[in-house]
Amino acid sequence: MESHGKRTEARVLAMDGIVSRYEAALLRYAARIVADPDAAQDVVQETFIRLLEKWREALEPSAALSAWLYRVAHNCAVDHVRRESRRNAAHERHAEEQSALEERMDVPGPEFAGNDDAEKRAMAALRTLKPREQQLVILKVIEGKSYREISEIAGMSVGNVGYVLHHAMRKLACAARSGSGLT
Amino acid sequence: MKTGNNNCGDSRRQECGPDGLCPDVRDVLFDYLSGELGGARSELVREHLRRCADCRSAAAELSDAAMLLKRASQRQAGVPEMLSDERKRRIRRAAEHPAMQWVVRRHVLVSLIAAVLAAAVVFLVLRRARMYREQEWDGIGIEIGVGYPPTSREAPAEHEETPLQ
């Protein structure tokens, strides 16, 4: 009984360490996909709880654990975006009314403090990429991960990572140049 | 973006694909710019960019797009640095009571199973009670019916024949 208590205590301590080690990076990553700070918190909480359920190795920081966390956070975030898209489609009219109202009230968008049009366009263009392309661009350009790290997170070969990234970045550059969203 | 036929000293210029990039840099320009292209291949791209203004311009566009994204993400406001206390408490509870957490996370499934089990228990109890009552009635019947042989009215007709149809 006592050993069970000690095991639980050790598990909680290890988990605290993991949370404080990875929470900021995962929150940044999730927020860029879901574009909503609260939803990003939900995504990261879900990621850590899945870690407790599924991770069978030692709960200590490692490259493998980091890759696993990013992968699960990505899946949770994409699921969230899909759910939201479905919900938004159902409430499209309401959303349109809301955005018209915000426009009239001159409320800034939820995620940007700055008002640089090119930056806004770049982030908007990023969101129109395919989920896989978004994932790779965020990990490389914003998080500064290496191709090897990205290949572990995304479960792709290094060569494929480079190929997808190259074409995703070309689309973004094209959108930035033309000043329009992607198709 | 390339428009056709200028500035490129590359002899394979005519092989440029629909993306307008020359073969030396096609598919690897971003790898080169992000320092992921090693050795000889990197040197090849560098050399090509020195000669080809169109590919140089495409490279500049890629760099600008990357920089724009990075700057935009840095100015992204409202991205929390830490999980809220409530969420941290939930994670800690999950670490302390994994089984309970499993139940909480699957509360719909668990509720359904609990409802089915409750219904099964109620059904079994009622069935058992009914059987018990029937047994009781049977017992009472035997006691009431004490007295054998039966009276003539009750006695079965030994050679009762049914009329032929």
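So that the names make sense, note that chain A is the first sequence line, chain B the second, and so on, each numbered from 1. Bear in mind that the values here come from a model prediction, so they are computed numbers and not experimental data.
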Quiz item: How about B:R41: does its CZ atom have over 12 heavy atoms from other parts shown lying under 6.0 Å from it?
Solution: no
Exercise. Name the region of B:E36, side chain, backbone, both or neither, that has any atom closer than 4.5 Å to a heavy atom of chain A.
Key: side chain
Practice problem: Under 4.5 Å heavy-atom distance to chain A, tell me which part of B:D31 shows up: side chain, backbone, both or neither. | Solution: both
Exercise. Give me the contact list for residues 154-163 of chain A versus chain B, heavy atoms only, anything under 4.5 Å, ordered by residue number.
Key: A:G162, A:Y163
Quiz item: So which heavy atom on A:V12 is nearest to which on B:R92, and how close?
Solution: CG1-CG, 3.6 Å
Self-check item: Neighbour count >12 (heavy atoms, 6.0 Å) for atom CZ, A:R148
Solution: no
Quiz item: Applying a criterion of heavy atom separation less than 4.5 Å, what residues of residues 130-141 of chain A form contacts with chain B?
Solution: A:V137, A:K140, A:V141
Exercise. Go through the atoms of A:S20 and report whether side chain, backbone, both or neither lie under 4.5 Å from a heavy atom of chain B.
Key: neither
Practice problem: Could you tell me whether the side chain of A:H166 reaches within less than 4.5 Å of the side chain of B:V28, counting heavy atoms only? | Solution: no
Exercise. Against chain B, label A:M15 side chain, backbone, both or neither, depending on which of its atoms sit under 4.5 Å from a heavy atom there.
Key: side chain
Quiz item: Pick from A:I142, A:L26, A:L59, A:D38: which one has the most heavy-atom pairs with chain B under 4.5 Å?
Solution: A:I142
Exercise. Sort by residue number and list every member of residues 117-124 of chain B having a non-hydrogen atom under 4.5 Å from chain A.
Key: none
Quiz prompt | Atom group of A:V19 that falls short of 4.5 Å from chain B, counting heavy atoms | solution = side chain
Quiz item: Do A:R170 and B:L62 come within less than 4.5 Å of each other through their side chains, counting heavy atoms only?
Solution: yes
Quiz item: Given a strict heavy-atom distance threshold of 4.5 Å, which part of A:L52 is in contact with chain B: side chain, backbone, both, or neither?
Solution: side chain
Quiz item: Relative to chain B, which of A:T8, A:L51, A:L27 shows the most heavy atom pairs under 4.5 Å?
Solution: A:L27
Quiz item: Can you tell me if B:E61 uses its side chain to pair, donor with acceptor, with the backbone of A:A173 under 3.5 Å?
Solution: no
Would you tabulate the side-chain donor-acceptor contacts of residues 39-47 of chain A under 3.5 Å, counting partners in other chains and residues two or more places apart, or write 'none'?
| from | atom 1 | to | atom 2 | distance (Å) |
| --- | --- | --- | --- | --- |
| A:Q41 | OE1 | B:S84 | N | 2.8 |
| A:Q41 | OE1 | B:R87 | NH1 | 3.4 |
| A:Q41 | NE2 | B:M82 | O | 3.0 |
| A:D42 | OD1 | B:R87 | NE | 3.1 |
| A:D42 | OD1 | B:R87 | NH2 | 2.6 |
| A:Q45 | OE1 | B:R90 | NH1 | 3.0 |
| A:E46 | OE1 | B:R105 | NH1 | 3.2 |
| A:E46 | OE2 | A:R50 | NE | 3.1 |
| A:E46 | OE2 | B:R105 | NH1 | 3.1 |
| A:T47 | OG1 | A:V43 | O | 2.7 |

Practice problem: Supply the atom-to-atom distance A:Y22 OH to B:L83 CG, rounded to the nearest 0.5 angstrom. | Solution: 14.5 Å
Self-check item: Stepwise side chain to side chain contact (heavy atoms under 4.5 Å, CB included) check, B:L69 with A:M123
Solution: CA-CA 6 Å; B:L69 264 185; A:M123 289 307 269; 3.7 Å; yes
Exercise. Tell me, yes or no, whether the heavy-atom count around A:E84 atom CD, taken from other residues, nucleotides or ligands under 6.0 Å, exceeds 12.
Key: yes
Quiz prompt | Separation between CZ of A:R28 and CD of B:E81, rounded to the nearest 0.5 Å | solution = 6.5 Å
Self-check item: For B:A95 against A:R11, the heavy-atom pair lying closest together
Solution: O-NE, 3.1 Å
